[in-house]
Amino acid sequence: MAILEAVALAKEYQLGEHTVHALRGVDLAVQEGEFLAIMGPSGSGKSTLLHLLGGLDKPTSGDVVLAGESLAVLGDDETTLARRHKVGFVFQFFNLLPTLTAQENVALPLFIDGQSESDYAERVRAILDRVGLAGRYDHKPDQLSGGEQQRVSIARAFVTGPAIVLADEPTGNLDSTTGRSIMELLRRSCDETGQTIIMVTHDSRAAAYADRIVFLRDGHIVGTTSWNDGMDLNARFRVVVAQMEELEL
Amino acid sequence: MSLTARLAALRVNPMLKLALRSLRGRPSRTLLTLLGIVLGVAVILAISITNLSTVRSIQDLFAEASGNAQLMVVSAANDEQGFAESIATRVRSVAGVEHVAPVVQEHTSLADVAVGSDRTASWTGLAASGLLLYGIDPEADRAVRDYVITAGEYLGGSIDAHKIVLVQDWAEDNDIEVGEDIALWSDSGVQQVLVVGLMSKSGAGKLNNGAFGIMPLGAVQDIFGRSGDIDSIDIVVSANQRNTTGIEQIKDAVQERLGEDYAVIYPSTQGDKVTRMLDSYQMGLSFFSGMALFVGVFMIYNAFSMTVVERTRELGMLRAVGMTKAQVRQQILIEAILLGCAGVALGVLLGVALSTGLIGFMEGLVSQDVTRVRIPIGGLIKAVGVGLAATLVAAMVPAVQAGRVSPLEALRARASAQEPWFIERGWPLGVGLIIVALFLMFGFPSAESMLLQSLNSLALTLAFGGATLLVPAVTAALDRYVRLPVTRVYGNEGRIGSSNVQRSRLRAALTVASLVVGISMIIAIGALTTSFKRDVGEWIGSYIGGDLYAYGSLPLRTDLSARIEAIDGVEAATPVRYASVTWVRPTADKETIQFRAMDPASYRRVTEFNLVDARLDPAELADELAQGDVVFVSTIMAEKYGLQVGDSLTLQTRRGLRDFRIAAVVVDYMEQGLTVQGSWKDMRRYLGIHDAEFFLIKTAQGADVAAVQQRITDQFGERDHLTVQSNQVIKEEATAITSQTFAMFDVLAVISMVVAALGVVNTLTMSVFERTRELGMLRSIGMTQRQIRRMVLSEAALIGLVGGIMGLAVGLILARLFTLGASNSQGYEVKFYLPWVPVLTSVFISLGISQVAAMLPARRAAKLRIISAIQFE
């Protein structure tokens, strides 16, 4: 069953005197437990799509249905609550609060929701343990490496048990080894907990971790790739590269 | 144009262009910074203009009243009794004296004007009631004073003619025309006098704020029973002697010729007494200049450092394309100079405008029009110089910071600015500065008043500077406790928001400091106002007593009290009179004080002596007083000169020097408290004064005070020219005067709070701006707009609370210092009263201001577009 559905999604915005058509009618369904990657060159509309899927922005036309709820008709506060309860975000630049410790940063969505610390303290630590940050609960962001900061950010996205996690270039600000370990973490989370993940990336190696890849160009979906379960990572990577060449991306 | 000049122009012009663009591109920032400069400069200049104009106007008044006279002879005894007219002949015989003009002064009023309507209460007592009359020798006076006759003619004919020349404005106000007879009150009843001319309200015409007239000397002497008496002699020295040494020599010669009973003075020094009274008031205003400057510097600094933070990328890009460090610094400084010049120009304009308002207050204070508004060159230079210097200094640190931006930073996400050293380690210096400030305030008790004013301004600036350095440490110490109520109100958003204060401690410190300045001024002013009001209240209590107060604009016979007592509803009435008397101190110094005559027996039936020592027996004291040669001294005399019960006091009387035994110390603030109280017996035999000035009246138990007041007025109002007022009304009037006196300070306190509020706006706007991406993240993970607003408001609340608490502490210390300062300059102790209302409200005011000021930035934060915010660098 589709946990997230985009229907004829279009987005235009004004840039000076020009109207930019960032998305020109995208239809997309994401199944529960699926790990989807969105790829495309700069300006293809992939970030716009991600923002619309996560309720950060309103489409010009079309709709996003998230876990049975249509986002297009919601007001700002309702959209905000939908994000709070149903969406987790992972950013390229981590976006942690420098004044808070790792566990406080992870707990932020719960904290904002007004839940009491005693209720969530254990859950937060368990998630930090799961992302490999056991024993670093009380470190502040400036005491953590880039990879560790991204792990905190991933834990923050997972902590509410959202319907979907949206990741915008999660490896974009990391070296390749650290990037790989972050991708492994996302993949494992999807496999072990059935978490639905949608990731925007430039990086074909990162995209190879996904179950399915959608290619975007000039605001349209121009291709889709998926593979059999038996395929190893390198083989998947070659498929991605070949597909991109074919699509002239 | 030479080649180098051309090159220089090429180099400067684009910089200027860039600077102008950047100022125009951020209009709200530019406006905020400009406002800081404008307010600072305006307040400094306005205060300077007000002070100078007031003092000069008063000096001018007395100088102009004396016309061309260089010197003046008055009685040394200063006992209101004048001296013989023949003295003028002795003065005339001194070599170098060209003209002498004798003057006799009297106060009177129009007989047909409603009783009492002409009496105005005044802080300094400069405006006496009714009409001030100068009896002059019309011929001799022409050489001294220029009267500009606007209608009719100048006094002529006989020296005894009952003719008068009035000031035109006053005559018009009273519907008097040339050729008309007017009725004046005098000792010998109503006198008809012919108005022969009107003069303009200039020169001597400004005396008594225009309620002034001249009559022939003989006529005044005749009407007021002062035959052969004069009060002063104006002297014009010969043309060849009109230089400093010449005048000084003649002054000495005249003094020698006349002997000790006369004083030869410079006319303008007559105004000194009044200006001295304004001293502490002006000192208070000077304090404010220092403070305005201080807060102004904050705002400018804040705004410029914000510019730098906001433009890190832009500056990095400029560096990347080849701008040198020095050029970047120069760029910021050019902006500062542009803003500084514009701000100073506008500040001067606003300052002049503001000064007209402040002068209005001052006019009310001294009951005299301040006609000539003077812009002091020194004050102008100070305001302009300080405005420009403050702008440059405040922009210097951000300019250096801007220079340090590396080209790489253009490409990187923003890095947080480094904190200056004094955030962590500034507090010992802060303590040091405060100690120096205290030393400056109290280390030079005998310094001249101008120097003292400068020292005090400096001390205040240092003290505030010191307090600012303490802010980070105090904020850290208070943080835990203050955060509690903030999170209680704002919940989890409050917890995130309040922790933001620690993120830019410099900015938080500056904002807290500007709130501290504003709040502490409110408290200090509140304390001073409360203290003065209490003092005035006490003074009135001791001055009047009883239920009703009856006075006349002409001397009253003391036996009138018996007739007042006969009126239904009056229980007792007692006559009182104040008269100047010269006190010869053991050091042989002479001091003019007031002698208050009372009738002990009837006085005690109306009210009780205001004794300081409750153990003394009033009945016994009344007996002692009645016997004579005994006085009570005021608390102020006792404090100032260390006088005690049992000491004796020597007064210069008509019967030579007399010793009086001090029987008690009482509260009496009349004439700044330089008073002694004695019996009518002594007043009559030693000072030759028989008439009462006012009566204190006690109504019978259960009597309707207003009805009694009406009955007394009906019976004596017209006939004895008596005005009756209820003590309640007088107290209210006095309180109103005090409030008016301090209204000027209230205006300035409001200005400082506005400036503090602008500081909060600036800080929070900057804080929101710097955290744009963070706000985007918070919104994306589910913070509602309301939560974002509450988060920003909570940050402001923490700043407001800390500012309020610190402001309260600093304000109380300041209030104590102000009252001590006022005590020093007034020569007696202004009692310190805790100003409850400001104290209780200060923290709330601070909190309220922080919340109001935070609304705009909070809204801005809440309305950020999430996707632009998270992509923001």
Side-chain angles (χ1 to χ4, degrees), chain A residues 11 13 22 47-52 54-58 75-101 104-117 140-142 153 156-160 162 165-166 168-169 173, chain B residues 411-419 479 483 487-488 490-505 508 767 770-791 794-795 798 859 861-873:
Chain A
K11 178 74 183 174
Y13 56 88
S47 287
T48 306
L49 177 59
L50 193 78
H51 294 149
L52 291 174
L56 290 179
D57 204 358
K58 293 274 172 221
D76 188 87
D77 278 351
E78 291 160 310
T79 318
T80 303
L81 290 183
R83 278 202 305 274
R84 186 192 291 175
H85 297 129
K86 296 181 182 169
V87 187
F89 282 98
V90 178
F91 302 97
Q92 182 180 358
F93 293 108
F94 328 136
N95 282 340
L96 303 176
L97 286 193
T99 48
L100 304 185
T101 63
E104 284 167 341
N105 263 297
V106 171
L108 205 54
L110 308 170
F111 187 72
I112 288 170
D113 200 37
Q115 300 183 26
S116 84
E117 199 183 331
K140 295 233 172 117
D142 59 2
S153 155
R156 183 179 66 194
F158 286 174
V159 77
T160 56
V165 164
L166 302 176
D168 191 358
E169 303 274 9
N173 202 33
Chain B
L411 313 166
R412 254 193 237 142
R414 68 192 49 253
S416 55
Q418 263 188 337
E419 278 185 342
D479 193 56
R483 212 178 275 198
T487 52
R488 181 67 54 88
Y490 285 112
N492 283 347
E493 301 93 289
R495 278 166 72 185
I496 304 173
S498 56
S499 70
N500 280 331
V501 172
Q502 290 294 331
R503 305 254 302 262
S504 178
R505 290 192 293 175
S767 173
E770 276 184 337
R771 296 204 315 268
T772 301
R773 235 175 52 174
E774 209 173 284
L775 291 166
M777 179 276 287
L778 287 168
R779 289 280 286 131
S780 69
I781 66 166
M783 240 190 182
T784 60
Q785 294 194 355
R786 183 179 135 84
Q787 284 180 311
I788 296 274
R789 272 198 301 274
R790 282 160 62 87
M791 186 179 79
S794 75
E795 183 176 348
L798 192 83
R859 210 182 119 82
K863 293 283 175 203
L864 280 174
R865 282 193 68 228
I866 306 171
I867 50 168
S868 352
I870 45 177
Q871 285 163 351
F872 179 87
E873 283 172 29

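Just the heavy atoms: all of them, side chains too, but no hydrogens, waters or symmetry mates, feed the values below. The model shown is predicted, which means the values in this text are computed figures rather than measured ones.
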Looking only at A/G54, A/P98, A/G88, the option with the highest number of non-hydrogen pairs under 4.5 Å against chain B is A/P98
Please identify, among A/L81, A/L108, A/V87, the residue contributing the most non-hydrogen atom pairs under 4.5 Å to chain B.
A/L108
Worked check of salt bridge (Lys or Arg N to Asp or Glu O under 4.0 Å) between A/R84 and A/D113:
CA-CA 8 Å; A/R84 186 192 291 175; A/D113 200 37; 2.8 Å; yes
Do any N or O atoms from the side chain of A/N105 and from the backbone of A/L100 form a donor-acceptor pair under 3.5 angstrom?
yes
Report the option among A/T79, A/T160, A/D57 that has the most heavy-atom pairs separated by less than 4.5 Å from atoms of chain B.
A/D57
Please identify each residue that fulfils side-chain contact (heavy atoms from CB on, under 4.5 Å) with A/E78, with sequence neighbours left out.
A/L74
Interface check, chain B: of A/D168, A/L166, A/T99, most non-hydrogen pairs under 4.5 Å belong to A/T99
Spatial distance of atom CZ (A/F111) from atom CE (B/M783) [nearest 0.5 Å]:
8.0 Å
Contacting moiety of A/N95, where chain B heavy atoms sit under 4.5 Å
both
Of the options B/Q785, B/R786, B/R779, which is the one that meets A/T80 in a side-chain hydrogen bond (donor to acceptor under 3.5 Å, both in side chains)?
B/R779
Applying a strict 4.5 Å limit to non-hydrogen atoms, the region of A/F91 in contact with chain B is side chain
